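These numbers were taken from a predicted model, which means no experiment stands behind them. Reckoned from all heavy atoms, side chains included, excluding hydrogens, waters and symmetry mates.
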Amino acid sequence: MDQAVLRTARAALVELCESGSPVVRPETVDKTLAVAVRRWLSLHRRSERTQDINTRTNDLAKGLLNAFEPDPTLAGPLKSDYHHLATTLANVFSTA
């Protein structure tokens with residue numbers, strides 16, 4: 001992925017963190033970006049479904065939730081926060 005896109009994505013994560021996101025913390029910004037990039041780039045290998053932006057965003061949200069929550073079934077309201085995080089990153093990644 002292009003370095004400019006990665007810088008923009010990292011800046012978006014820092015902004016989410018600073019605005020009080022409960023799922024992005026200063027110590028997890030780099031790991032979150034790494035997980036998100038890996039998940040975003042691997043969808044075509046993991047799924048034969050149509051890969052429109054909504055499918056990719058939902059898949060990214062699921063991957064981030066699974067990566068950072070010990071028991072994703074108990075995440076409850078955090079699911080919407082992960083979806084917001086995924087939407088933010090998908091908007092950046094889709095420009096690449």
Side-chain angles (χ1 to χ4, degrees):
M1 188 170 286
D2 183 77
Q3 290 300 312
V5 173
L6 294 175
R7 282 191 299 274
T8 302
R10 190 175 195 294
L13 289 173
V14 169
E15 186 177 322
L16 284 173
C17 181
E18 290 173 351
S19 69
S21 172
V23 296
V24 182
R25 296 176 306 282
E27 65 274 11
T28 64
V29 168
D30 291 327
K31 183 177 179 185
T32 301
L33 182 57
V35 168
V37 168
R38 185 177 66 241
R39 184 79 179 195
W40 184 263
L41 295 176
S42 69
L43 179 61
H44 69 280
R45 291 189 312 266
R46 294 180 288 102
S47 175
E48 293 182 13
R49 295 181 297 172
T50 304
Q51 296 181 9
D52 62 12
I53 190 70
N54 290 330
T55 301
R56 294 189 85 177
T57 300
N58 291 335
D59 180 73
L60 182 55
K62 179 181 176 183
L64 290 166
L65 177 70
N66 289 332
F68 292 100
E69 293 301 319
D71 187 351
T73 61
L74 300 177
L78 288 178
K79 288 181 181 181
S80 64
D81 295 304
Y82 278 103
H83 196 271
H84 177 69
L85 167 60
T87 300
T88 300
L89 291 173
N91 287 335
V92 174
F93 294 162
S94 65
T95 65

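- Here K79 contributes atom NZ and L74 contributes atom CG; the two are 9.0 Å apart, rounded to the nearest 0.5 Å.
- Just one residue in the list D59, I53, L60 forms a side chain to side chain contact (heavy atoms under 4.5 Å, CB included) with T57, and that residue is I53.
- Counting heavy atoms from C-beta outward, F93 and L41 have side chains that stay 4.5 Å or more apart.
- Annotation for S94 and W40: closest pair N-CZ2, 4.0 Å, computed over non-hydrogen atoms.
- Side-chain contact check for T32 versus F68: some heavy-atom pair is nearer than 4.5 Å.
- Residues H84 and L16 are in side-chain contact: their nearest non-hydrogen atoms beyond the backbone lie under 4.5 Å apart.
- A single hydrophobic cluster is not seen to contain both L43 and V92; linkage of ILVMFWY side chains at heavy-atom distances under 4.5 Å, directly or through other members, places them apart.
- Atom CD of Q3 sits about 12.5 Å away from atom CZ of R10, to the nearest 0.5 Å.
- No side-chain donor-acceptor contact under 3.5 Å links T28 to the backbone of V24.
- Under a hydrophobic-cluster definition in which Ile, Leu, Val, Met, Phe, Trp and Tyr are linked whenever side-chain heavy atoms come within less than 4.5 Å, directly or via other members, V35 and L85 are assigned to the same cluster.
- In this structure, the separation between CZ on R39 and CZ on R56 is 11.5 Å, given to the nearest 0.5 Å.
- Note: the hydrophobic cluster containing L64 also contains L6 (ILVMFWY, side chain heavy atoms under 4.5 Å, direct or indirect links).
- Between the NE2 atom of H83 and the OG1 atom of T88 there is a distance of 10.5 Å, given to the nearest 0.5 Å.
- Between the side chain of S21 and the main chain of C17, no donor-acceptor pair closer than 3.5 Å is present.
- The CG atom of N66 sits 10.0 Å away from atom CG of D71, with the distance rounded to the nearest 0.5 Å.
- In this structure, P77 and S80 approach most closely via the heavy-atom pair O-OG, 2.9 Å.
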